[in-house]
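Below is one structure; the comments refer to it alone.
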Amino acid sequence: MKKRKRLTLLQKRSLHGYLFILPWLIGFIAFYVRSLIMTGQFSFSNLTVDAINGGFQLENVGFANYIYAFRVHPSFKQVLTTSVADMVIDVPLIIFFSLFMAMMLNRKFKGRSIVRAIFFLPVILNSSAIQAAMDLSATMMAGGISSQAAEVTATASSTIAFDINYLMNMFISLGIPGAFMDYIVQAVSRINDIISASGVQIVIFIAALQSIPTSMYEVAKIEGATAYETFWKVTFPMVMPHIITNVVYTIVDSFTQSEVVDLAYDVAFNQMNYGLSSVFSLVSTIVTVLILMLVVWFIQKRTFYYN
Amino acid sequence: MNLIKRLNTFIHDPFEMKILMNKIKELFVLIIRILILVGVGYVILSPLIGMLVNAISSDVDAYNPMVFVLPQFPTWERFQLAWKRLDYLPTMGRDLLYTGSLTLLQLLICSMVGYGFARFEFPLKKVLFAMVVVMIVIPSHTVMLPFYLTFRSFDPFGIVTAIHGAPINLMATVWPMYILTALGCGIRSGLYIYIFNQFFRGLPKEIEEAAFVDGCGVWKTYFKIMLRNASPAIITVTVFSIVWQFNDTFYAKLFLISENVVISKKIASLQANIANLDKVLDPTIQELYLDAGVLLILLPIVIVYLILQKNFIEGVERSGIVG
């Protein structure tokens, strides 16, 4: 008798659980699951929208859209690879920069809250319309630092007395690989993008640093560890799980703002080629998810979980 | 003389020497830290400063190569015209109402779903929560076409056709956004569900058990007790939601929501409007008006952020967003 009553209570709890998540569950099935199936379906079809009544007709064309996207379309492959390449350059830089900044902002100093407020500001200003105006004024303001790599070298060689090429040639003749130098130059010239993309990550890392027990640092200090050793033996392993969170966030974020999205939007709503647009969306999503899985698997293998 | 004497003690006493070296090292680290913070802060703020300078420059200043940061003949004219062309107060009012109501809806729905996942055991819970993560990861452009077509001829289960006779077209209205948000699929809802879930999982179970023993129902417990205790998570989600909703142009463009409601969309046509209606034909001068318009649009969101920012960072630290 007693056991039966307990069971009904548990059943009641689980029913309440379903009630709590019901709005999301309906939305997820009605919009996301259905939309994903529809996108898959569209990519194999030729879709025509009925402009007056609002319905649409599908005409099955097999793999024609995929073949078109990969073998005929002039810019899709290039845009996709550029987006992926940009991401590969940006993600490690954003992660290390935001971790570095978070460690700096985690210390106690005067005016810390103002500085933190400034560092989160890029998230607020991160809107495509506003961003365009911002980029322009940044270029006007700073000349070199916010403009692209090409412009840096261009201005350097023409007017400003200090020649970056000279410095680069010096490093290259010192035996530092050219590819590495290119990466550094790219990184420096993209510093504006990197800073403005790392607001959320800095906040997450600050929270992560706060959650490390201070006793660990005390032990490290007593054992005579230097700041460098403390970072690699205590701080870094402890924030490792949050590096995964941040990497996932950064990759998703950089893909939602990449040119592939613009291209898919343009093809769908300006050229009315819905099937092709679905192919673009689907292929780029699959690439994103594959990269995510690869990266998460790669980091997870090296992650140490404290709890 | 005194200095030399002190230097002598430093050189001869290794302990004093070490203290001195440490002090120099600390000073050095401090200077580097200040330099980095100021430098990065400048990179972040420089576009804003630049825009502010542009927005108060007169035509003469715009072409004067000697002017840097401080314009010679400052003017309010840019703001006045941008204000007029943006139809500022009514548009901003509508946008704030739209953003605010959607944020409230996000808070209600996402906290409910997050609580449901955090505190109740039910079959398929793990699979469903994995779906929340999938929702965060899937870029929104993957589902944009079906969203568009669904709301282009909106007809859930044929109910609309049964009453109205034909599916209704919800394009160019704000309804698609409200429907999506109410069903937990709004802008980054997955992330908010995740944040709330992490937060509620961190709260002690005893509170609810005490409430249950005292005869408080599940819904009453949630609204009267759990939500009241969730202020760090609520502040975090509020800031994120207001900022991303206000800045969103992707969904606004997709659903053709009127630029009289979404002011960020209006900025795109501001330059053309000023060029055509006010006959400002010089692109350099047009950009000055654009900068003034952007500043006007940013104003309320920056104010909201400045009010909430202290609570916000603490909120993120305490809301277990990282957990």
Side-chain angles (χ1 to χ4, degrees), chain A residues 13-14 16-18 20-21 23-24 26-28 31-32 35-36 38-39 42 54-56 104 113 115-118 121-124 126-130 133-134 136-138 140-142 191-192 195 203-204 207-208 210-211 242 245 252 255-256 261 264 268 274 277-278 281-282 285 288 292, chain B residues 33 36-37 40-41 43-47 49-51 54 109 112-113 115-117 120-122 128 131 135 137-143 145-147 149 152-153 167 169 180 182-185 193 218 243 247 249 264 267-268 287 290-291 294 298 301-302 305-306 309-310 313 316-317 321-322:
Chain A
R13 290 282 295 174
S14 74
H16 274 301
Y18 276 120
F20 267 105
I21 67 160
W24 169 80
I26 294 173
F28 183 73
F31 293 115
Y32 267 79
S35 296
L36 281 179
M38 274 166 91
T39 307
F42 291 170
F56 59 89
M104 229 170 216
S113 60
V115 177
R116 282 185 178 186
I118 290 174
L121 212 57
V123 179
I124 290 176
N126 200 357
S127 139
S128 53
I130 294 166
M134 298 260 297
L136 211 83
S137 93
M140 284 170 84
M141 206 44 198
I191 192 154
N192 212 356
I195 291 174
V203 174
I204 291 178
Q210 297 267 324
S211 68
H242 311 304
T245 319
V252 171
F255 248 101
T256 32
V261 182
Y274 298 99
S277 169
S278 302
S281 302
L282 218 55
T285 307
T288 320
L292 270 180
Chain B
R33 188 178 308 142
I36 290 176
L37 285 180
V40 177
V43 172
I44 293 171
L45 286 179
S46 71
I49 300 170
M51 277 200 291
N54 283 348
I109 299 296
M112 244 171 74
V113 178
Y115 183 64
F117 275 118
F120 296 96
E121 289 302 324
F122 46 86
L128 287 175
M131 290 298 122
M135 216 169 100
V137 170
I138 291 178
S140 46
H141 66 275
T142 319
V143 287
L145 258 179
F147 276 16
L149 291 170
R152 179 82 168 66
S153 50
N169 183 355
L180 280 177
L183 292 176
C185 293
I193 292 175
V218 175
V243 164
N247 282 343
T249 45
S264 334
I267 200 75
E287 269 151 22
L290 184 66
D291 284 340
V294 169
L298 286 177
I301 208 82
V302 170
Y305 172 62
L306 287 181
Q309 68 90 12
K310 207 171 156 62
I313 305 247
V316 174
E317 279 165 9
I321 190 181
V322 296

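In what follows, every chain begins at residue 1, and chains take the letters A, B, ... in the order their sequences are listed. All heavy atoms count here, side chains included; hydrogens, waters and symmetry mates do not. Since this is a predicted model, take the numbers as computed values, not measurements.
Of the atoms belonging to B:Y115, it is side-chain heavy atoms, and not backbone ones, that fall under 4.5 Å from chain A. Using a 4.5 Å cut-off between heavy atoms, B:I193 contacts chain A through its side chain alone, with no backbone atom that close. Only the side chain of B:V243 has a heavy atom closer than 4.5 Å to any heavy atom of chain A. Using a 4.5 Å cut-off between heavy atoms, A:L292 contacts chain B through its side chain alone, with no backbone atom that close.
A:F42 places a side-chain heavy atom less than 4.5 Å from the side chain of B:L149. Residues A:M104 and B:L37 form a side-chain contact, since some pair of their non-hydrogen atoms from C-beta on lies under 4.5 Å apart. For the pair B:M135 and A:F31, the minimum side-chain heavy-atom distance is 4.5 Å or more.
Ranked by heavy-atom pairs shorter than 4.5 Å toward chain B, the options A:S14, A:A264, A:S35 are led by A:S35. Of the listed residues B:L183, B:L45, B:L180, the one with more heavy-atom pairs under 4.5 angstrom with chain A than any other is B:L183. Between chain A and the options B:I36, B:I301, B:N169, B:I109, the largest number of non-hydrogen pairs under 4.5 Å is found for B:I36. Highest contact tally toward chain B, considering only A:S277, A:A268, A:S278, A:G27, is held by A:G27 [criterion: heavy-atom pairs under 4.5 Å]. When A:L36, A:T288, A:V115, A:L282 are compared by the number of non-hydrogen pairs under 4.5 Å with chain B, A:L36 comes out ahead.
Using the six-membered ring where Trp is involved, A:H16 and B:F120 have ring planes that are tilted, between 30° and 60° apart. Note: B:F147 and A:Y32 have perpendicular aromatic rings, judged against thresholds of 30 and 60 degrees for the angle between ring planes. Taking the six-membered ring where tryptophan is involved, the planes of B:F122 and A:Y18 are tilted, since the angle between them lies from 30° to 60°.
A distance-only check finds no donor-acceptor pair linking the side chain of B:S264 to the backbone of B:T249 [under 3.5 Å].
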